[in-house]
Amino acid sequence: MTEKAILEYDGKKFEFPLVRGSENEVAFDVKTLRAATGGLTTIDPGFKNTGSCLSDITFLNGEKGILRYRGYSIEELAEKADFLEVAYLLIFGDLPNTDQLEKFHADIRKQSVVDDDIKKIIDAFPKSAHPMGVLSSLTSALTAFNPSSVNVNSDEAMYNAIVKILGKFPVLVAWSMRKKQGLPLDYGSSKLGYVENVLKMMFNQPNEDYVQNDIIVNALDKLLILHADHEQNCSTSTVRIVGSSHAGLFASLSAGISALWGPLHGGANQAVLEMLQAIKEDGGDTKKYMAKAKDKNDPFRLMGFGHRVYKNFDPRAKIIKVAADEVLSDLGVNDPILDIAKGLEQEALNDPYFVERKLYPNVDFYSGIIYQAMGIPVEMFTVMFALGRLPGWIAQWKEMRFRKEPIGRPRQIYTGENLRAFVEIEKR
Ligand code: CMC
């Protein structure tokens, strides 16, 4: 097969090489387009057809519904690995052996406190603040307490920055919830596992002994693994593009959290639960909401459905659906919302509108039902997503810097006014 593409424009032919990935994905390499054509550019709103980088981290095939981290299938990782192992895999490229994992965890534990002055910042937020806004601000504030930016040429400095953020982030996650609930801020315990400790920091009551629930620990571990990376999505692209200006790791992560917050991205998990709740309160009439989702004059969308890349089942949604059944039954929770969700899914999968557009349930469709059964407040759902996505963001930021990618700076086609003479204010 020819490994070049030819573009014909204005009677001239321009040749561009092809780039082939390890899973045989092919791209036109248009790096020389402007130089070769004398300034032509491409236009691709939402980057629907544009690859922004080469990456070794995550493979995703949206037509076949395949997701792999560093070559390992998401199904196998969700079943056999724990979240910290997956974080190590994403960030450093290989699964850790026992010594590497123990050292990684021990180094993270040493970093699992934040400067006490962070509490003053939290105190300044109103209780009504959304925890995602609080988390983004606090992550940004970490830069003030750690002002020197990471020396990306030093493995040791990179490693230290990585364990630092992996240690401190769960504290900020938990505190963004406790502030809202008016509970004292808790540091958890260095004797606990990473995920166990997050839950303790979130749910420990000041006047009770904390009792760990293994069903909840295992369910959260699995959910975090499923959210840990998803190649060049909106928040990850944000982290990479902010970092491409050589802004620091924590500042780039804070920007990623803000990008994740939107309801078309990570904020969909909160939006799904609110939608299911509204359907329930409205008498459970799923057909009415299906009709709204299909009505082009109605802004309503079926939240948790559709995906930019998956034109088949999101493999994460398949795992989460099974987990939702298991976790609710193990916890003895009978939530009618799960039945509404299943009913909506069945209707959508048989509806020509959804079938023609290849709209399937995505990762956010069932995850909120599990979070709710675990006792996690709805406003914290996207925060939990951010906790899971943290290793992916770190891995992608590190890769972007190691590959010495140029600053992200897209082009545009200007469609505004041509040159106009300035009009004095009294004459306007
Ligand atoms: N409900 C109703 N119609 C939909 C939906 C939906 N959830 N999603 C897409 N469509 C329609 C859309 O109106 C369009 O129809 P037409 O071709 O007639 O104009 C067609 O399907 C293609 O949609 P699009 O908006 O062009 O697709 P996109 O790739 O730009 O958007 C998406 C992808 C995820 C933003 C979108 O499917 C959506 O808004 N879904 C609901 C929000 C959601 O669940 N987001 C979570 C995504 S997965 C996790 C994550 O990224 O964090």
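When a residue number appears, it is its place in the shown sequence, counting from 1. First listed ligand is number 1; within each ligand, the first listed atom is number 1.
Proximity of K294 to ligand 1, defined as any heavy-atom pair under 4.0 Å, is not found for any part of the residue. By the criterion of a heavy-atom distance under 4.0 Å, both the backbone and the side chain of L264 are placed next to ligand 1. At a heavy-atom cutoff of 4.0 Å, ligand 1 is contacted by no atom of H230, backbone or side chain. Heavy atoms of L260 found under 4.0 angstrom from ligand 1: none, in either backbone or side chain.
Any N or O atom pair closer than 3.5 Å counts here, and V363 shares no such pair with ligand 1. Annotation: L302 places an N or O atom under 3.5 Å from an N or O atom of ligand 1; distance criterion only. Considering backbone and side-chain atoms together, F305 places an N or O closer than 3.5 Å to an N or O of ligand 1.
When distances from atom 47 (C) of ligand 1 to the protein are checked, a heavy atom turns up under 4.0 Å.
Protein heavy atom nearest atom 49 (C) of ligand 1, with residue, atom name and distance: D364 OD2, 3.2 Å. The protein atom (non-hydrogen) at minimum distance from atom 28 (P) of ligand 1 is R308 NE, 3.6 Å. Nearest protein heavy-atom neighbour of atom 5 (C) of ligand 1: L359 CD1, 3.9 Å. Atom 26 (O) of ligand 1 has as its closest protein heavy atom K48 NZ, 3.2 Å.
In this structure the side chain of Q212 reaches within 4.5 angstrom of the side chain of L192, judged on heavy atoms. Side-chain contact between Y310 and L60 is present, with heavy atoms from C-beta onward closer than 4.5 Å.
Which of A348, G306, P361 comes nearest to atom 37 (O) of ligand 1 through a heavy atom is settled by distance: it is G306. Taking only non-hydrogen atoms, the option from M275, R316, R301, R357 nearest to atom 12 (C) of ligand 1 is R301. The residue among K311, K358, H265, K296 with a heavy atom at the shortest distance from atom 51 (O) of ligand 1 is H265.
Judged by a 6.0 Å distance limit and a 45° cone about the ring axis, R357 is positioned over the six-membered ring of Y353.
Contact between F365 and ligand 1 is absent, with no heavy atom of the residue lying under 4.0 Å from the ligand. Look at A293 and you'll find a heavy atom under 4.0 Å from some atom of ligand 1. Put simply, part of F385 is less than 4.0 Å from ligand 1, judged by heavy atoms.
Aromatic ring pairs are classed by plane angle as parallel below 30°, tilted from 30° to 60° and perpendicular above 60°; the pair H105 and Y194 is perpendicular.
Side-chain atoms of S244 come within 3.5 Å of backbone N or O of G408 as a donor-acceptor pair.
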